[in-house]
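Working notes, structure below.
Start at 1 and go down the list; that is how both ligands and their atoms are numbered. All values below come from the heavy atoms of this structure, side chains included, with hydrogens, waters and symmetry mates left out. Just so it is clear, the model here is predicted, and its values are computed rather than measured.
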Amino acid sequence: MTSSRAQVLLLSLLAALIISCAHGACTTPFSSEDAQSVFVPSDLDPALIPPEGNVPIAQLFAVGDQVYTANGTAWILTGATAELYNSRSEKVGVHFYLPQVDPKGGQPSWKTDCPPSLVTAKVVSKAQVESNSIVWALLKSTNSQGSSGLFGDVSYLQRLFTKNGLPPSFPPTEVNAIFKSPYTSFYVYYKQL
Ligand SMILES: *[C@@H]1O[C@H](CO)[C@@H](O)[C@H](O)[C@H]1NC(C)=O
């Protein structure tokens, strides 16, 4: 390859990179600011603290719904959907449930698009903090993917400072009825050192 051809190739690669950035790819990378914005109360229930060696990498604010399905006599939590925001109020990802529990027992999941990353987790402990809101919880990762993205190396996460999201106080009248209960919370993500 001649050097002018190599230059053309390099320039076109650069152009492709610039175009992909201009299209909004990865415009909200994570920085040390994200790790510094983490706030975990010092009097947190010890059951909600991950094992030693796990350090917080980010805290996101979630706005969405807890989804309950009627089984005939009770409302059962069957899913959740939420948008995830960083401390600069930029939307950086979403929270959702996998359609099926994964082989390690995980189902609730969090993902970023750019760089792409995903973590699925299972609840290991819960604490009722406010009677009119869903519990605070510690979850352990069952699967994580995409190490260049935020969630690729997540080992544990916490759901803290929950507001609302409880199922209806009345019993369901119809089997398979769905109730979406709006909630907000913070999620704190950890990785193992
Ligand atoms: C619905 O769920 C509740 C709580 O888990 C359980 O006690 C009840 O047996 C279930 N009812 C049916 C019809 O499956």
Do the side-chain N and O atoms of Y68 and Q66 include a donor-acceptor pair separated by under 3.5 angstrom?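 No pair is found: no donor N or O on one side chain lies under 3.5 Å from an acceptor on the other.
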
Checking side-chain polar atoms at under 3.5 Å, does T142 have a donor or acceptor matched by the opposite partner on D102? yes

Co-membership, hydrophobic cluster, residues [X] and [Y], 4.5 Å side-chain:
{"X": "V135", "Y": "L139", "answer": "no"}
{"X": "F186", "Y": "W136", "answer": "yes"}
{"X": "V119", "Y": "L98", "answer": "no"}

Hits for salt bridge (charged side-chain N to carboxylate O under 4.0 Å, His left out) against K163, two or more places apart or cross-chain, chain-then-number order -> E130

Strictly under 4.0 angstrom, heavy-atom based: which residues surround ligand 1? N71, T73, A74, I76

